[in-house]
Number of protein chains: 2
Amino acid sequence: MSDDLATRLREQGLRLTPQRQLILQAVEELRHATPDEVLAHVRARASSVNASTVYRTLEVLEELGLVRHTHLSDRAPTYHSTLEHEHVHVVCRRCQRIRSYGPDLVAPVVAALAADGFTMDVGHLAIFGQCTDCDASPDPT
Amino acid sequence: MSDDLATRLREQGLRLTPQRQLILQAVEELRHATPDEVLAHVRARASSVNASTVYRTLEVLEELGLVRHTHLSDRAPTYHSTLEHEHVHVVCRRCQRIRSYGPDLVAPVVAALAADGFTMDVGHLAIFGQCTDCDASPDPT
DNA sequence: CTTCATGCAAAGGATTTGCAGCCTC
DNA sequence: GAGGCTGCAAATCCTTTGCATGAAG
């Protein structure tokens, strides 16, 4: 995968740097992480990297197709590696639990939209709602 | 609908103010608007309202069930009136066009998740991707 | 008159940008 | 070497908060 990074960077005339390697590695290890979490993770295990570098690097990595982001909260975006199979995120607003589903979950939607001239981005999808169990528990509001 | 506003506010011991009326009206007229756009719209047609009032009011209106928000971009959230039928937003990243679909579009997903103990929030859903036509046009990147 | 609501200004969190020096290729 | 990177700090964008004053019920 680091090879992949090096390769893809080279294809674009971009450079392989330790920061880029560390950041990609952090995203892969954390599974789902915000820029902030990536920063913390990188700092914990190695050199001190700057926050702007994290933002700039995540952008580059996303352009290279090595990571993807989705919005699992009303706050910061969450990044994950494209090494994982494409999946849909389902988030409970109550308990914050995140479930992952394969693309088949939304296959009918993809088909319906395709018939309508639209290509759906399945990996970016975040579905909100709440667990049936959580419905019962007291409202945190 | 203003009656509705007055009624619901009263039920909660809250007050009917001109700002709240104007802001709700703005959301209804704009169909899909960010807090900023709501502010501009209100200011254009009447009194000057403060930005914090817009934020606080949108929050109240959402609690009262009169408006809803969803995320149609990586930036500010978009509010719409609940007078409109519940709908799913489909956004093209290329041309920014927003298509609206009825809940039926995702009925299979709702069913699948329900069987799994999860109640999906259909109105909050935003589906990203791109129009088939836009696929052909030059990449803006 | 009792509270809730608004305006204002300052604080905050997240992200972006300009720039000088550093490091890959 | 040349030009892409990075760190740093300042700038933005969006949103929230504290507080005194104003207004709805």
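Chain identifiers are assigned alphabetically (A, B, ...) following the order of the sequence lines, protein sequences preceding nucleic acid strands; residue numbering begins at 1 within each chain. These figures come from a predicted structure and were not determined experimentally.
- Closest-nucleotide positions on DNA chain C for A:P35 and A:R10 were compared, and the one nearer the 5' end corresponds to A:P35.
- In summary, B:R45 and B:E29 engage in a salt bridge, as defined by a charged side-chain N under 4.0 Å from a carboxylate O.
- In the set D:dT15, C:dC25, D:dG25, the nucleotide with an atom closest to the side chain of B:P77 is D:dT15.
- Rounded to an integer number of Å, the gap from B:Q12 CD to C:dC4 C1' is 14 Å.
- Put simply, the side chain of B:V90 reaches to within 4.5 Å of the side chain of A:F118, judged on heavy atoms.
- Comparing B:R75 and B:A51 by the nucleotide of DNA chain C whose heavy atom lies nearest to each, the residue mapping closer to the 5' end is B:A51.
- Between A:E62 and A:Y79 there is a side-chain heavy-atom pair separated by less than 4.5 Å.
- If you take CZ of B:R20 and P of C:dG7, they are 11 Å apart, rounded to a whole angstrom.
- Taking atom CG of A:L9 as the reference point, atom C1' of C:dC25 lies 12 Å away to the nearest angstrom.
- Look at A:T53 and you won't find any side-chain N or O under 4.0 angstrom from OP1 or OP2 of D:dC5.
- Counting any heavy atom pair closer than 4.0 Å across all strands shown, B:S48 reaches sugar-phosphate atoms only and no base atom.
- For the pair B:Y55 OH and D:dC14 P, the interatomic distance rounds to 7 Å; values are reported in whole Å.
- By the 4.0 Å N-to-carboxylate-O rule, B:R93 lies close enough to A:D121 to be salt-bridged with it.
- For a distance-only test at 3.5 Å, the side chain of A:R15 fails to qualify as a donor-acceptor partner of the base of D:dC5.
- Taking only distance into account, the side chain of A:R56 never meets the base of D:dG4 through a donor-acceptor pair shorter than 3.5 Å.
- Distance B:Q19 CD to C:dG7 C1': 9 Å, rounded to the nearest Å.
- In the model, A:H85 has no side-chain atom that pairs as donor or acceptor with a side-chain atom of A:H87 under 3.5 Å.
- For C:dT6, the OP1/OP2 oxygens have a side-chain nitrogen or oxygen of B:T17 closer than 4.0 Å.
- Separating the CD atom of A:E59 from the P atom of D:dT6 is a distance of 12 Å, rounded to the nearest angstrom.
- Rounded to whole Å, the distance from CD on A:E11 to C1' on D:dG4 is 17 Å.
- Spacing between atom CD of B:E37 and atom P of D:dT15 amounts to 11 Å, rounded to whole angstrom units.
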